[in-house]
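Order of listing sets the numbers, starting from 1, for every ligand and every atom in it.
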Amino acid sequence: MESIIDTEDTIAAIASAVSLGKGGIAVIRVSGEEAINSCKNIVETKSKYAWESHRVFHGFIKDNLENKFIDEILITVMHSPNSFTGEDIVELHCHGGVIVVNKVIETLLSNNTGVRIANPGEFSQRAFLNGKIDLTQAESINQLINAKNLKSAEIAFNGVKGEIKKKIDIIKNDLIEQLSEIEARVDFEEDFSEFNYNDFSRNIKIIKEKIKILIENSKRGAHIHNGISIALIGKTNVGKSSLLNLLSKKEKAIVTSIPGTTRDIIEVNLTIKDIPIKIIDTAGIRETDEYIENIGIDKSFEMIQNSDYIIYLYSLEEGLNKDDEKIISKIPQEKLITILGNKKDLIDSKKVNKKNLSNSVLMSIKNDEGEKELVEKIVKKCGSKEFENIDIFLNERQISNLTDCLKNLNDTDPIIANKLPFDLLSIEVRDGIKNLSRITGQELTEDLLNNIFSKFCIGK
Ligand SMILES: Nc1nc2c(c(=O)[nH]1)N(C=O)[C@@H](CNc1ccc(C(=O)N[C@@H](CCC(=O)O)C(=O)O)cc1)CN2
Ligand SMILES: Nc1nc2c(ncn2[C@@H]2O[C@H](COP(=O)(O)OP(=O)(O)OP(=O)(O)O)[C@@H](O)[C@H]2O)c(=O)[nH]1
Ligand SMILES: [K+]
Ligand SMILES: [Mg+2]
């Protein structure tokens, strides 16, 4: 059982990236009633700005138990309620090595009682509980941190600014208006005109449309978050891994002249002309008895099915032959971005048979030739209207609550159709409103909230 999080404690965690172990500077964040006192215990400073809110000042970390100085640091303090969590916050900016950072944290904990290491997401949870942000903002911050491409980051930031909450609140207010139309007539029947089933039905229909658009756009959201997948498919040694490296401008995949170099799937996230894309390098397809390579080749065939789009590569030196055509026949036409003839540098370009190559791009990946033409093909195929005009999208949890709300509104249909007593409608509308409230974090149990925040990053 997850223990209920104690919000009385003062919490501390490394707030900066530590996964690589090293960095110029690391930030340790301390939040809670004892944040300032506990840091005062381990910081020596002569600064005239010391412990003022929203200032930076200079000092040293001192371990009083061992009577030793540990690091020279900068310190930021934010007094409650004007901080990210709404509590007192102290940030210790120390040197970024693993040993230093851990020693500073250890010193903070050993020199103070009532300070403990924060659980994942606990700073955000406190910001939420203290009303600094709503749940959609907290979730958007987490999404921003985990963004794999620029487009997804841009959209996540709109959520951080409160754009999801704003959209949900608009729909919620629409429903509250409909609810009051019903309830006014239940409570003060004689003062109001008769309940109009048609008006109500029309208004609910408009609200449902808004919800459906939001759900539809959000389905594309997952696509934006993960990127449109483009698999590089072809026989061995045609230059698939070379292309992955060229497009990602990184030496991500191993390239050798040995056929069968790539075994496992290799993925790179990137943004091409504002389109979020995931390029997938696969094992070259050929007849082989090699056990591991065959597993890789099976995965390549799976990728033909599972990716959104495909670039088929072949070597111009060898030409496009029967084996290629057999593989190409397995690719759904609408998925094929282009049949890419690579290694143009190895052939006399006049000899290329242009007849079969109307949809083709010729490249020399080695000499950096033809990339522009390929990018044009990619943009033409993937740069559909799909991602235009999407400024926010909901995550799975939020979509699920919104879908529940839609069901509540659908349940008004039979009541209206059969002209059943109109006060029955208020139950459905109320439940709909409740489901919207869950999106922004109201009406949720503590366990559910703990569960949501526990999936956030450490130090966030
Ligand atoms: N050093 C540092 N950088 C950071 C954060 C942080 O906590 N510390 N953030 C955190 O994740 C993000 C920025 N978000 C923040 C949101 C609110 C407040 C804040 O202090 N709000 C106060 C006062 C605002 C003001 O002075 O106008 C408030 O809301 O009352 C700080 C950072 C990213 N960068
Ligand atoms: N001449 C020439 N050689 C190239 C070109 N592109 C790639 N190569 C070479 O072709 C060989 C195979 O390239 P890879 O990128 O490993 O090919 P692959 O399709 O990933 O191969 P497998 O992973 O084994 O299926 C390497 O020696 C590359 O340097 C090109 O445009 N011209
Ligand atoms: K190879
Ligand atoms: Mg390869």
Closest approach of any protein heavy atom to atom 16 (O) of ligand 2, naming residue and atom: T256 O, 3.4 Å
Axial cation check for Y309 ring with K377, 6.0 Å and 45° limits: no
Backbone or side-chain N or O of M363 under 3.5 Å from ligand 2 N or O: no
Shortest protein contact, atom 21 (O) of ligand 2 (heavy atom only): N237 N, 3.0 Å
Option of least heavy-atom distance to atom 30 (C) of ligand 2 (set: E369, R286, K366): K366
Close approach of I258 to ligand 2, heavy atoms, under 4.0 angstrom: yes
Shortest protein contact, atom 8 (N) of ligand 2 (heavy atom only): K343 CE, 3.9 Å
Closest protein heavy atom (residue, atom, distance) for atom 25 (O) of ligand 2: K240 NZ, 3.0 Å
Protein residue, atom and distance nearest to atom 17 (O) of ligand 2, heavy-atom basis: G239 N, 3.1 Å
N, O or S from N237 under 3.4 Å to the K ion (ligand 3): yes
Distance-only polar pair, side chains of H95 and D71, donor-acceptor under 3.5 Å: yes
side-chain hydrogen bond (donor to acceptor under 3.5 Å, both in side chains), paired with E87, selected from K132, R126, H79: R126
Neighbour count >12 (heavy atoms, 6.0 Å) for atom CG, L448: yes
Donor-acceptor contact below 3.5 Å, side chain S83 vs main chain S80: no
Shortest protein contact, atom 29 (O) of ligand 2 (heavy atom only): V255 CG1, 3.8 Å
For the student: nearest non-hydrogen atoms of S38 and V115, plus distance: CB-CG2, 3.7 Å
Interfacing atoms of ligand 2 (cut-off 4.0 Å, heavy-atom, P259): 24 (O)
Proximal ligand 2 atoms for S257, defined as those under 4.0 Å from one of its heavy atoms: 27 (O)
Protein heavy-atom partner closest to atom 6 (N) of ligand 2 - residue, atom, separation in Å: N342 ND2, 3.1 Å
For T236, the ligand 2 atoms whose distance to one of its heavy atoms is below 4.0 Å: 25 (O)
Contact atoms of ligand 2, heavy-atom distance to D345 under 4.0 Å: 1 (N), 2 (C), 30 (C), 31 (O), 32 (N)
Shortest protein heavy-atom distance from atom 15 (O) of ligand 2, along with the residue and atom involved: S242 OG, 2.6 Å
T136-T440 side chain donor-acceptor pair, cut-off 3.5 Å: no
The Mg ion (ligand 4) reached by S242 (N, O or S, under 2.8 Å): no
Proximal ligand 2 atoms for L346, defined as those under 4.0 Å from one of its heavy atoms: 1 (N)
Per-atom contacts of ligand 2 with G284, taking only distances under 4.0 Å to non-hydrogen atoms: 25 (O)
Contact (N/O only, under 3.5 Å) between T282 and ligand 2: no
Gap separating the OG atom of S315 from the CG atom of N342, nearest 0.5 angstrom: 7.0 Å
Any side-chain donor near an acceptor of the partner, N450 and Q125, under 3.5 Å: yes
Atoms in ligand 2 flagged as close to I365, the criterion being non-hydrogen separation under 4.0 Å: 6 (N), 31 (O)
